[in-house]
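Comments concern the structure below.
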Protein chains: 2
Amino acid sequence: MASAQSNFDEILSRVRGAAKRVTVAKRRVAEVLIESGTDLTADEITQRVQGRSPDVSPSTVYRILEEFEALGIIVHAHLGRAAAVYHLAGTVHGHLVCEQCGATVEIPARDFDKLSRSLASSYGFVLDRHHVALSGICVVCRAASSPNPAT
Amino acid sequence: MASAQSNFDEILSRVRGAAKRVTVAKRRVAEVLIESGTDLTADEITQRVQGRSPDVSPSTVYRILEEFEALGIIVHAHLGRAAAVYHLAGTVHGHLVCEQCGATVEIPARDFDKLSRSLASSYGFVLDRHHVALSGICVVCRAASSPNPAT
DNA sequence: TTAGATGCAAAGACTTTGCGCACTT
DNA sequence: AAGTGCGCAAAGTCTTTGCATCTAA
């Protein structure tokens, strides 16, 4: 398990390796991504970055996220109609999104192993397990909303 | 397998049953959804509707789609960053979306049966199989882009 | 020095909403 | 006749882009 510091260095190293420049804004975005264990929207990232460097604009954050993703540092996923979420590429996982309460649960990528193999053999489709977002009803809402489960 | 006509009648019947009115625009949207075997975006639906009734506005189409969905007539899914797609609730299926070429493949819901059971027992999460959209690389792009698969 | 990165603001894509008139029932 | 549904246009989200300026290397 990599430390926050080594993660940070690794990110900056990749940026330099791509002949890109290391800027204050990029350091901030990297910090925020590393410190947050969970997925963040671009807006959340922007707000946290601005907590330390108020002058960083949303458009810059989008540009940095795009660059980081191109460098394989982060990945994003679309969890329904709302904004996309971003997280470090290292933490590969899928998402369960509750259609009722909007809660999201992160689940290990290995839960998709079987499905992944099945899709590959049936359709030749290689599943991107970073990017999986599944809709449904979570335990809580299920208990609350269906006292008598439909026949 | 229901005929187009019976599908159409069924839809109008549900609309009436909900004390909603049957209008020209609703008939057109129903026709388009029935005639198209595949998923359509709101914009595609609007264009096809306007092919016959040019005065129907996009906002009306959105309102009708919302109503139809509330009545269980159709379902929608989000296939990545682009617009949502809609289709009749009868044709339950999941989607494979290619990250490179954008192609989407519809696959039967039963492909998710195993995964669905597994998620239910592990997380108490009831998967909505209408709404599944998986990202990855399709056969074509895979063949084209990776002559030598990475180690 | 100098080309990439940024801030600001405007534009874009998709969707929702307000308002007064038309059409369904 | 009564009230839902509609067209039009404006507003709302989320994201991208243009441009002049600033800054990392």
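Owing to the predicted nature of the structure, the values given are computational and were not obtained by experimental measurement. Naming convention: chains lettered A, B, ... in sequence-line order (proteins, then strands); numbering from 1 in each chain.
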Whole-Å distance separating the [atom1] atom of [X] from the [atom2] atom of [N]:
X       : N      : atom1 : atom2 : answer
B:Lys26 : C:dT24 : NZ    : P     : 11 Å
B:His78 : C:dC14 : NE2   : P     : 13 Å
B:Glu44 : C:dC14 : CD    : C1'   : 13 Å
A:Ile45 : D:dT15 : CD1   : P     : 10 Å
A:Leu12 : C:dA5  : CG    : P     : 14 Å
B:Arg28 : D:dC6  : CZ    : P     : 13 Å
A:Ile64 : D:dT17 : CD1   : C1'   : 16 Å
A:Leu40 : D:dC14 : CG    : P     : 15 Å

Sequence-aligned protein contact record of nucleotides 19-25 of chain D, with B where the base is within under 4.0 Å of a protein heavy atom and S where only the sugar-phosphate is: ----BBS
B:Thr41 backbone acceptor or donor facing B:Glu44 side chain under 3.5 Å: yes
Salt-bridge criterion met for A:Lys26 and A:Glu67 (N-O under 4.0 Å): yes
Pair B:Glu31 + B:Arg28, salt bridge at N-O below 4.0 Å: yes
Rounded distance [0.5 Å steps], CG in A:Leu65 versus CD1 in A:Ile45: 4.5 Å
Reported CZ-to-CD1 distance for the pair B:Arg27 and B:Ile64, which is rounded to 0.5 angstrom: 11.5 Å
Touch class at under 4.0 angstrom, heavy-atom based, for A:Ala19 against every strand present: nothing
Mark yes when over 12 heavy atoms from residues, nucleotides or ligands other than [X] sit less than 6.0 Å from its [atom1]; otherwise mark no.
X        : atom1 : result
A:Glu35  : CD    : yes
A:Arg110 : CZ    : no
B:Glu66  : CD    : no

Between B:His93 and B:Asp39, a side-chain donor and acceptor under 3.5 Å: yes
DNA chain D-proximal residues of residues 48-62 of chain B, any heavy atom under 4.0 Å: B:Asp55, B:Val56, B:Ser57, B:Ser59, B:Thr60
